Number of protein chains: 2
Amino acid sequence: MTKPDEQTVAAWAMLLRAHRAAYEGVEAALKAAGMPPLAWYDALLELRKARAPLRLQALEARLLLPQYNISRIADRLADAGYAEKSVDPADGRGRMLAITRQGRGVLKRMWPVYAGAIEAQMGAHLTPAEAARLAALLARIAGA
Amino acid sequence: MTKPDEQTVAAWAMLLRAHRAAYEGVEAALKAAGMPPLAWYDALLELRKARAPLRLQALEARLLLPQYNISRIADRLADAGYAEKSVDPADGRGRMLAITRQGRGVLKRMWPVYAGAIEAQMGAHLTPAEAARLAALLARIAGA
DNA sequence: GCTTGTTACATGCACCTGCATTGAAACGCC
DNA sequence: GGCGTTTCAATGCAGGTGCATGTAACAAGC
């Protein structure tokens, strides 16, 4: 366990602050527009990209969320009518989740709000080149 | 509401991933060592830096957490014996919070674990110069 | 085809957060 | 100095998260 240098500690502190500021800004924008939270967007996006019902397991692998959270988000999406659950015909233990027409609709309505918030929180403070450098640096941490 | 460019969206996505990875790593390290969560560390650190009992308001301003969260963290620290609450003699509405001997102790024991986790999650993936650049970029977002 | 083990989700519980509201104390104003 | 207003914290409630465990379906070995 070596100790972090000063710059690393500063980067950590800023990671916390920047994330909180940006994240809260985005969530607040969605809420203000009467939209579901960010987590739903990610899940619905994966379901749409998949172009077919997805096993909860597969969703878990894509979203990198713990199993119990996937289970619950699937329930919430289904309750809201944005997704539909079914049993995997090939394996009675497995559950499939598919985006519904309404789910596609809400995704489409969410994007302008989401995009605007990303621009306000991030884009407004960075040039494209800076954003690219930031993304590259963060990727090193994320990829850990 | 202009739309974010591609680099900005990438930076946003990486901010989410990097934060989650690093944050969970740090919290897990603290928990594994039987230590309190990160939020307590921050609060206790402010109390120690203050070198005198702090008004909850002052703590709120420093930690940038909502009022009700400050109120509750103060209770938890007090319950755990790491801080002591009292009424502001100059204003009966105000509550003061002071770090206790035990609070100083836990702060001291937490730091090596915390520092090791920061190094593992961040330092191990960045040179000091990169960390400095990252911190500077993130500060722009945090300072919003 | 029954037992034993494993896999895929679901869920009870404890805790934490956000929001709205309450209660207490201080302040302003006449 | 009494009364409405403002400020400082606390808290009831609804909902989200993590952890540990429960339940159902499948698989393997015999």
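Nothing here was measured: the structure is a model prediction, and the numbers come from that model.
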**Request:** Any ring pair (Phe, Tyr, Trp, His ring centres under 6.0 Å) involving residues 17-36 of chain B? Give me the pairs, sequence neighbours left out, ordered by first then second residue.
**Result:** H19(A)-H19(B), H19(B)-Y23(B)
**Item:** V106(A) to Y82(A) - nearest heavy-atom pair and separation
**Value:** CG2-OH, 3.7 Å
**Asked** Between dT17(D) atom P and K31(B) atom NZ, what is the distance in whole Å?
**Response** 15 Å
**Item:** Interatomic distance where OH belongs to Y68(B) and C1' belongs to dA10(D) [whole Å]
**Value:** 14 Å
**Request:** For dC8(D), take OP1 and OP2 only and decide whether either is under 4.0 Å from a side-chain N or O of K85(B).
**Result:** no
**Message:** Counting the atoms with a prime plus P, OP1 and OP2 as sugar-phosphate, which does P37(A) contact under 4.0 Å by heavy atoms, base, sugar-phosphate, or nothing?
**Reply:** nothing
**Request:** Would you mind reading off the distance between R95(A) atom CZ and dT23(D) atom C1', rounded to a whole angstrom?
**Result:** 10 Å
**Message:** I need the CG-P distance between L63(B) and dA9(D), as an integer number of Å.
**Reply:** 13 Å
**Message:** Using whole Å, what does the distance between atom P of nucleotide dA10(D) and atom CD of Q57(B) come to?
**Reply:** 12 Å
**Request:** Give R72(A) one of three labels, base, sugar-phosphate or nothing, depending on what nucleic acid heavy atoms sit under 4.0 Å from its own.
**Result:** base
**Request:** Could you state the atom-to-atom distance from CG of N69(A) to C1' of dG15(D) in whole Å?
**Result:** 13 Å
**Message:** Looking at every non-hydrogen atom in both residues, tell me the closest pair between L56(B) and I70(B) and how far apart they are.
**Reply:** O-CG2, 3.7 Å
**Item:** Nearest atoms (heavy-atom pairs only) where L65(B) meets R20(A)
**Value:** CD2-NH1, 3.2 Å
**Residue whose nearest DNA chain D nucleotide is more 5′ - I70(B) or P89(A)** = I70(B)
**Asked** Does any N or O in the side chain of R109(B) come within less than 3.5 Å of the main-chain N or O of L107(B), such that one atom is a donor and the other an acceptor?
**Response** no
**Request:** Send over the distance from R76(A) CZ to dG15(D) C1', rounded to a whole Å.
**Result:** 8 Å
**Prompt:** From dA10(D), dT7(D), dT11(D), pick the nucleotide closest to the side chain of R93(B)?
**Reply:** dT7(D)
**Request:** Name the residue closer to the 5' end of DNA chain C, choosing between D88(B) and S71(A) according to the nucleotide with the nearest heavy atom.
**Result:** S71(A)
**Message:** Check D42(B) with R62(B), please: is the shortest side-chain N to carboxylate O separation under 4.0 Å?
**Reply:** no
**Item:** Listed nucleotide nearest any side-chain atom of D91(A), set dC19(D), dA25(D), dA10(D)
**Value:** dA25(D)
**Prompt:** For Q67(B) and dA9(D), is the shortest distance between a side-chain N/O and OP1 or OP2 below 4.0 Å?
**Reply:** no
**Asked** Which pair of heavy atoms, one from L15(A) and one from A22(B), lies closest together, and at what distance?
**Response** CD2-CB, 4.1 Å
**Fill in**
Result for 5'-nearest mapping on DNA chain D, choosing between P66(A) and R55(B), is R55(B)
**Prompt:** First contact, last contact: which nucleotides of DNA chain C are these for chain A, 5' to 3', heavy-atom distance under 4.0 Å?
**Reply:** dT7(C) to dC19(C)
**Asked** Just how far, in rounded Å, is C1' of dA25(D) from CG of L56(A)?
**Response** 15 Å
